Number of protein chains: 2
Amino acid sequence: MDQSLICPRFEKAMSLMSQRWTGLVIYQLLTGPKRFCTLESSMGISGRVLSERLKDLETQGIVKREVYPETPVRIEYSLTDKGLALEPIMKEIEKWSQTWLPVE
Amino acid sequence: MDQSLICPRFEKAMSLMSQRWTGLVIYQLLTGPKRFCTLESSMGISGRVLSERLKDLETQGIVKREVYPETPVRIEYSLTDKGLALEPIMKEIEKWSQTWLPVE
DNA sequence: ATAATTACTTACATAAAGTAACTAACTAAA
DNA sequence: TTTAGTTAGTTACTTTATGTAAGTAATTAT
């Protein structure tokens, strides 16, 4: 019947957050720039999907990719201002999890 | 290498929020109890998945299911305290979306 | 007896994610 | 100068998740 009285901007933000891995990638980047292999091994995401997510996040202006032509090449992913602004969401998720989820 | 220095409770909360539709279901329930068909039509989720999500959320103690044996039967889904406690997360997502996403 | 309503479930199709091997560009070692 | 090692991916293939559409069960109205 009524296809969405939901604010389309909210809906878009929510669909971003509900993509598998996206939240964790952002969470990891909140502690500073990270390389591809670091993200990959620290959170158990597959390279295939990590690559896809980073590209999406870059396209959306949430993540920034920088190449350092060292040897071997170093590529760092970090948050833009738009990405950093997601921190309060992460903090609230953190709070909720600590209040409502069991320790084990 | 290091398989998750990430707090397991945070990780669990995040994996809850990153399930497709879960966030929107909770968002809808923040405005009060809702029936199956209302949720289904207001957010474009398929019945199959909605049913699955509501069961999961009930199992996790986030959603409460109540049966009113009227005619035809009325079944209402609402948030428990644990579910209501997710509101600050939703508010932050709302804020971010209004600040950082374009109007169209 | 037939149709209508709600809250689902089932079977099947498509899309998203996981796995593991492979590539490209470079360097260091044998 | 071949071989191996590193990073940052990509590709082909498999498994899992989701969408679609039809079906079910319980009840009442026509």
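Proteins get letters first, then strands, A, B, ... in listed order; numbering begins at 1 in each. In what follows, every heavy atom counts, from backbone to side chain, and hydrogens, waters and symmetry copies are set aside. Since the model is a prediction, treat every value here as computed from it, not as a measurement.
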So does [X] get a side-chain nitrogen or oxygen closer than 4.0 Å to the phosphate oxygens (OP1/OP2) of [N]?
{"X": "A:S46", "N": "C:dA17", "result": "no"}
{"X": "A:R48", "N": "C:dA16", "result": "no"}
{"X": "B:Y77", "N": "C:dT6", "result": "no"}
{"X": "A:S51", "N": "D:dG9", "result": "no"}

Picking from C:dA17, D:dT18, C:dT9, which would you name as closest to the side chain of A:E52?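 Given the options C:dA17, D:dT18, C:dT9, the side chain of A:E52 is closest to C:dA17.
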Are any side-chain N or O atoms of [X] and backbone N or O atoms of [Y], one a donor and one an acceptor, separated by less than 3.5 Å?
{"X": "A:S51", "Y": "A:G47", "result": "no"}
{"X": "B:T80", "Y": "B:I62", "result": "yes"}
{"X": "A:W96", "Y": "B:E87", "result": "no"}
{"X": "A:K82", "Y": "A:Q60", "result": "yes"}
{"X": "B:R9", "Y": "A:L101", "result": "yes"}
{"X": "A:R53", "Y": "A:R20", "result": "yes"}
{"X": "A:S42", "Y": "A:T38", "result": "yes"}

Rounded distance in Å - [atom1] ([X]) to [atom2] ([N]):
{"X": "B:L39", "N": "C:dA7", "atom1": "CG", "atom2": "P", "value": "10 Å"}
{"X": "B:Q19", "N": "D:dT16", "atom1": "CD", "atom2": "C1'", "value": "12 Å"}
{"X": "A:K55", "N": "D:dT11", "atom1": "NZ", "atom2": "C1'", "value": "12 Å"}
{"X": "B:R53", "N": "C:dA7", "atom1": "CZ", "atom2": "C1'", "value": "18 Å"}
{"X": "B:I45", "N": "D:dA17", "atom1": "CD1", "atom2": "P", "value": "15 Å"}
{"X": "A:L50", "N": "D:dT7", "atom1": "CG", "atom2": "C1'", "value": "13 Å"}
{"X": "A:E40", "N": "C:dA17", "atom1": "CD", "atom2": "P", "value": "16 Å"}

Does a distance-only test, which skips hydrogens and angles, find a donor-acceptor pair under 3.5 Å between the side chain of A:R20 and the base of C:dA17?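 It does not, because no donor-acceptor pair links the side chain of A:R20 to the base of C:dA17 below 3.5 Å.
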For the helix from C:dA1-D:dT30 to C:dA30-D:dT1, how many degrees between its two end axes (five pairs per end), to the nearest 10°?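 Here the local axes at opposite ends form an angle of 30°.
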Within the structure provided, determine whether [X] and [Y] are in side-chain contact (heavy-atom separation under 4.5 Å).
{"X": "A:K64", "Y": "A:L79", "value": "no"}
{"X": "B:L16", "Y": "B:L57", "value": "yes"}
{"X": "B:I93", "Y": "A:L86", "value": "no"}

A:Y77: which of A:K34, A:R65, A:E66, A:E58 passes side chain to side chain donor-acceptor pair (under 3.5 Å):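 That would be A:R65.
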Would B:E94 and B:Y27 count as having a side-chain donor-acceptor pair, cut-off 3.5 Å?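 Side chains of B:E94 and B:Y27: pair found under 3.5 Å.
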Go through residues 64-74 of chain A and report each residue with a non-hydrogen atom lying under 4.0 Å from DNA chain D, sorted by number.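 Per residue number, the list reads A:R65, A:P72, A:V73, A:R74.
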Using a heavy-atom distance cut-off of less than 4.0 Å, which residues of residues 21-36 of chain B contact DNA chain D?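 Nucleic-acid contacts, sorted: B:W21.
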